[in-house]
Amino acid sequence: MFQPVENNVSFPKQEEAILEFWRDNNIYDKSLAQRENGPKYVFYEGPPTANGKPHPGHCLTRAMKDLFPRYKTMRGFYCERKAGWDTHGLPVEVEVCKEMGIHSKEEIEEFGIEPFIQKCQQSVWQYMRQWEQLTERLGFWVKLDDAYVTYHQSYVESVWWSLKNLYDRGLLYQGHKIIWWWAQGGTALSSGEVGQGYKTVMDPSIFVLFPLVDRDNTSLLVWTTTPWTIPNNQFAAVNEDIEYATVYDPELDHYLIFAKDLVEQIGQKVKRELEIKSTCMGSKLVGLRYVPPFDFYYKKLGQKTGQLKDGQQQFVAWRVTSANFVTTESGSGAVHEAPAFGEVDFELLLAEQDRFEPGQGPELICAVAPNGKFTDEAPDFAGQWVKDADKPIVRWLKDNGKLFFLEQYQHEYPFCWRADEDPLIQYPRRSWFVKTTQFKDELIANNQKINWLPGHIKDGRFGNFLESNVDWALSRERYWGTPLPIWVCEKTGEKEAIGNYDELLAKPGITGTEVWEKAKAANPDLPEDLKVHKPYIDEVTYDSPFASGARMRRVTEVIDCWYDSGAMPFAQWGYPQEGTSQFESQFPADFISEAIDQTRGWFYSQLAISTLLFGKDSDTMTCEYPHPFRNCIVLGLMLGEDGQKMSKSKRNYKEPQEIFDKFGADALRWYFFANQPPWTAIRYREQAIKESIPEFILRLWNVYSFFVLYANIDGFNPASITSPGQLEPAVMVSGDGFRPASERGELDRWVLSELQQTLSDVIERMDAYDNYGACVKITAFVDGLSNWYVRRSRDRFWASDKRAQEKLDAYWTLYECLTTIVKIVAPFVPFVAEAIWQNLVGVFEDSALASVHLCEYPTPAGSKTNAQLSRQMSLLREIASSGRSARMAAKLKVRQPLSGVTVILNDPTEQAWLEAHEAILMEELNVQSVTYTADAGEYVTYQIVPNFKRLGPRVGKLMPKVKQAFADADGSKILEELSTDGKTVIEVEDEQIELDNEDVEVRLQANEGWAAAQGPNAVVVLSTELTPELIRLGKSRDVVRLVQDRRKEMDLQFTDRIDLWLVTDSDELRTAIDENREYIMKETLSVSLNLESPADDIEAIEREVGEDKLSIFIRVAN
RNA sequence: GGGCGUAUAGCUCAGUUGGUUAGAGCGCAUCGCUGAUAACGAUGAGGUCCCAAGUUCGAAUCUUGGUACGCCCA
């Protein structure tokens, strides 16, 4: 006996119970343990940050991260899944600041770094419980209690080890970086923060004269929108490929050089004719020297030269250079360059420096202090806030005849997101870099070996990003992060990197560790891990090996938290201090998956660190490509209900918990997996999630509950199977009443064939990481199982002989289908699969596997697939469908029997098979006969159409004419020839084209005047003539339906036998009933049928059959 | 401004290497079933495949240009 299936199953409730079962029985651990000797399948968890609530987007990534490991585990692989948490970084600091109502670094330092760090460490876990709950509730199997945490000492030390490695190999260096700087607050802003603060403002746009040194009375006309940067001018940039003009300005009596395309436009601005004297390409201007408007630096360095790498001497600055970012869309086609205050300008400086011998090129000049005010290096403006200096600088230019033209222009400019009156400026800061550019080719080569899904990521977004690789700006002037493990000699400035805490403690003359010890003593709850963080680690100093008496002090910076997460492949194990064997066996990963925003985040940081550390030149281990991951599914962005970005304030999405409570995790998972390829943007719509229940989960469930219902009635019990284990088809042989599929009926063989085909399709799709394709196959199978197999098999389940072999066949077939399909869907919808499995194997007690997730994925048995049968059945279903269509068109309801249908097949190959199965069609279409005819000119017109795919390449340009010739030809005649000779010839433009059967496709067109319908392969014609007998038979079916209705109203058991009275005044109806008494009694389980009113007092109900009234009396028979 | 992606039915989305009748689900309409019933089934209506040009015998599919939207970066 199976557990009866409740009528109203609550999937969410059922899921909760299953979670409990998994927990109590350690199913996840067992699923791992039994695969321990299997081949490894390595999965990396990209660590989320638990300092914010999880949202629906995280459900998608977590569902995806669960699917493939579960699948691979069932396929026999050993797949450990270690959870992880990303804990460092600015977002955490910002969260804590918000809580405390502070904002600037000054305020943090006032509050104290020590308590601040402690708050950060606590804040990280604020939402951890919610994250863990979501993870578990979604059915994401991952080892939460063994998670790696980026602030843990062992993790930090792993990161240090890698940084020391890079430093010792000369791959970690200090340089400048231009960042968006909030001068008033003294801090850099992250790009996200900058993006929040854009406002539309008016700024001056000025055209300035840069007099050329070697050309008399001639100036380059240079454009800028930030006058305050002009005192820091170092270059002027033109585009080599733009044409420039030398024009004469009569008013100034002076020659100007700027882009030729802009001559008219600029002439209009100054309202005078500028006459072009000569033109040249920008490349001819490169190298010309000019005199900058201000001489703060020029007076010292204007004549300084340096040695180029090619041996020549060149002036270090105030030259025309070329830059391809210069355009003629605005300005003059010549741009003022102040490398200190613009990222592209700075890159231009780096490019210039690179042309010179080391130390010979231009230095960065910067006359602005971090507070945003001019320094004494620009004495005219010293102490002025740069933005306030715009006006006096423009006035000075004007007074000194350097200003050609001034206008205001409107543009977007970033302001501080917290102090929205404060404009940000681009500003150079000292920063630490990882020399990734040195490994650009290796990065690209490594990327080529990674299997990206979708494929365009490889050479698209990710590949492009690698092509334009710049050195990784690693350091952050912040507090809560992995401290950069570099100590500097206070006297000489010599540096060294430290690889772990013990190495530090072993240094001579070590002091400062007591600061941590005191803090710990005062507050024993402090996690030990904090001792490797600021401020404690900063207190630790030691004797300098570079100068006697000097001390080594740590640099103040922490590192980019992306480096933390990118170091995860080794740092999760604490490698190399510990976990060597784990690391080596779990590197590289077979599979990772995150959303597309990780392209420049975790995908890159992992690839970069891994390539630098484990690439060809490394002195640690080396590893064949691809690493650190082989397959990566890049998920699309998740959108809210309205198709917009999800936003808390707009409330355009439902909390995941609400979805779990209403519809369950399976519904959400199936929606993610089955509705679209995972890399498209996914709309998170409650309605769509809800729909996955009737579309798939409930449909599967209904088949299962149908099975249980009847199996219990008939006492079907598979318990006779010896050693059921995981119930592979092979063990079912021992079951009571089991006979091999080959001996069963066609329908059984058909559904088992479809099952095997589905299985091998799903395996093929899943091995290609195509979950969507797999789900399409699964859905189609479950639909066929429910709407064809079960429906067509009902008779057998209802048959009264419980031991009839055909009935047992049906049970064994459906049992095999169900036990197999739940294994197939287990990785997708683990809960409902488990629920079904447990009941289906419940009869075995302990001799079957307790959980479907401990089973192996079924192995496809090719011998059971039968392509021919599959084709035949599909043709049969098509004919049934066309027949119904014809009935609809003729307005003849299915309950009304008809005398027959005539079927005309395009291709008669399967006719014999179909004839053997006419009973099915008779029942489906409620007709008394099915006839096939080949000679059906009466009903249909034969159309022949060329097989374009085949003929196209052969006849080429003649194709349209061939098509026409086909249309003009007599279809039936050509078919005749083809069927007798196997070939025919048509003539097109004097060419004889020989055709064989393959070159021609036949289409049947139903003729007008018949109740007919056509499908791709057949036409079905109804005989619509109704005899009185047929009409009466139709009425008897109406009667059956009314009786069944009444039975249900009376809440009868569906095995209850009844006595039935049917009373009517209509002779016609009475005759109909009397004629079909046996049929009515059989269908309604009546032991007696009377046409007179009962003697006993039995409640009657009045119904109508057509026009006639009918009274129905029912009594349960004993 | 640059890179990448997307655009197909009222809605959400599929559409394999170019092949002439472009599919599914939901919704809608009509009908059916009423012993699988928070159901279910059938049938149908609904499409200038974003626009334009090109390549081709043939384009939703390839190329170019444009438009709109999204993401990333400036």
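Chain letters run A, B, ... following the sequence lines, proteins first, then strands; residues in each count from 1.
For A/F797, the side chain to side chain contact (heavy atoms under 4.5 Å, CB included) partners are A/F706, A/Y710, A/S793, A/A810, A/Y811, A/L814, not counting sequence neighbours. Applying the ring-ring contact (aromatic ring centres under 6.0 Å, His included) rule to A/W562 yields no partners; only residues at least two apart in sequence or on another chain are considered. Remark: A/V344 pairs with A/F325 by the side chain to side chain contact (heavy atoms under 4.5 Å, CB included) rule, at least two apart or across chains.
Checking B/C4, B/A42, B/A38 against every side-chain atom of A/R884, the shortest atom distance belongs to B/A42. Each of B/G5, B/A74, B/G70 was ranked by its minimum atom distance to the side chain of A/H456; first place goes to B/G5. The side chain of A/I596 lies closest to B/C71, out of B/G19, B/C71, B/G41. When distances are taken from the side chain of A/S885 to each of B/C4, B/G44, B/G41, the shortest belongs to B/G44. The A/V790 side chain lies nearest to B/A36 when the options are B/A36, B/C40, B/G3. In this structure, of B/A39, B/A38, B/G41, it is B/A38 that holds the atom nearest to the side chain of A/V9. Distance from the side chain of A/Y710 is smallest for B/A36 among the nucleotides B/A39, B/C71, B/A36. You'll find that the side chain of A/N464 is closest to B/C4, out of B/A36, B/C4, B/C71.
Put simply, CD on A/E467 is 12 Å from P on B/C4, counting in whole angstrom units. Residue A/R765 contributes atom CZ, which lies 9 Å from atom C1' of B/U16 at whole-angstrom precision. Between the CG atom of A/L635 and the C1' atom of B/C72 there is a distance of 16 Å, rounded to whole Å. The nearest whole Å value for the distance from the CZ atom in A/R1037 to the C1' atom in B/C31 is 15 Å. What separates OH of A/Y811 from C1' of B/A36 is a distance of 13 Å, to the nearest Å. Going from atom CD of A/E347 over to atom C1' of B/G2 covers 13 Å, rounded to whole Å. A/R600 places its CZ atom 5 Å from the C1' atom of B/C72, with the value rounded to the nearest Å. Nucleotide B/C71 holds its P atom 15 Å from the CE atom of A/M638, rounded to whole Å.
Separating the CD atom in A/E878 from the CG atom in A/L876 is a distance of 10.0 Å, to the nearest 0.5 Å. With rounding to the nearest 0.5 angstrom, the CZ atom of A/R791 is 9.0 Å from the CD atom of A/E923.
The ring of A/W670 has its center no closer than 6.0 angstrom to the ring center of A/F673. A/F2 has its ring centre less than 6.0 Å from the ring centre of A/F707. Separation of the A/W181 and A/F341 ring centroids does not fall under the 6.0 Å cut-off. Aromatic ring centroids of A/Y604 and A/F465 lie under 6.0 Å apart.
B/C11 and B/G3 are spaced 31 Å apart, taking the P atom of each and rounding to whole Å. Rounded to a whole angstrom, the distance from the C1' atom of B/U21 to that of B/G47 is 13 Å. Between the P atoms of B/C28 and B/C72, the separation comes to 37 Å (whole Å). Rounded to whole Å, the P atom of B/G32 lies 33 Å from the corresponding atom of B/U48. Here, B/C49 and B/U6 have their C1' atoms 14 Å apart, quoted to the whole Å. Using atom C1' as the reference point in both B/A45 and B/A9, the two lie 11 Å apart (nearest Å). A gap of 35 Å separates the P atoms of B/G1 and B/G18, to the nearest Å. Taking the P atom of each, B/U61 and B/U55 are spaced 15 Å apart, rounded to whole Å.
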### Summary
Encoded 5' to 3' (Watson-Crick or G-U under 3.5 Å; [ ] crossing; | other strand), RNA chain B becomes (((((((..((((.....[...)))).(((((.......))))).....(((((..]....)))))))))))).

Which atom pairs link the protein and nucleotides 54-57 of chain B when you take only N or O atoms and keep those under 3.5 Å?
unit_1 : atom_1 : unit_2 : atom_2 : d
B/C57  : O4'    : A/G956 : O      : 3.2
B/C57  : O4'    : A/K957 : N      : 3.4
B/C57  : N1     : A/G956 : O      : 3.3

Write out a two-atom table: protein N or O, nucleotide N or O from nucleotides 8-13 of chain B, distance below 3.5 Å.
unit_1 : atom_1 : unit_2 : atom_2 : d
B/U12  : OP1    : A/R683 : NH1    : 2.9
B/U12  : OP1    : A/R683 : NH2    : 3.3
B/C13  : O2'    : A/N675 : O      : 2.9

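Comparing A/E691 and A/L951 by the nucleotide of RNA chain B that holds the closest heavy atom to each, the one mapping nearer the 5' end is A/L951.
With a 4.5 Å cut-off on side-chain heavy atoms, A/Q426 and A/I179 do not count as touching. Contact check for A/N926 versus A/R1037: side-chain heavy atoms found under the 4.5 Å cut-off.
Contact check on A/E924 versus A/R877 returns no salt bridge, with no Lys/Arg side-chain nitrogen under 4.0 Å from an Asp/Glu carboxylate oxygen. Between A/D999 and A/R954, at least one side-chain nitrogen of the basic residue sits less than 4.0 Å from a carboxylate oxygen of the acidic one, meeting the salt-bridge criterion.
Between A/R877 and the phosphate of B/A42, there is no side-chain N or O to OP1/OP2 separation shorter than 4.0 Å. Contact annotation: A/S786 side-chain N/O to B/C40 OP1/OP2 distance is not under 4.0 Å.
Not a single donor-acceptor contact under 3.5 angstrom links the side-chain atoms of A/R887 to the base of B/A42.
Among A/D666, A/V832, A/D783, A/I778, the one residue that satisfies the side-chain contact (heavy atoms from CB on, under 4.5 Å) test with A/F696 is A/I778.
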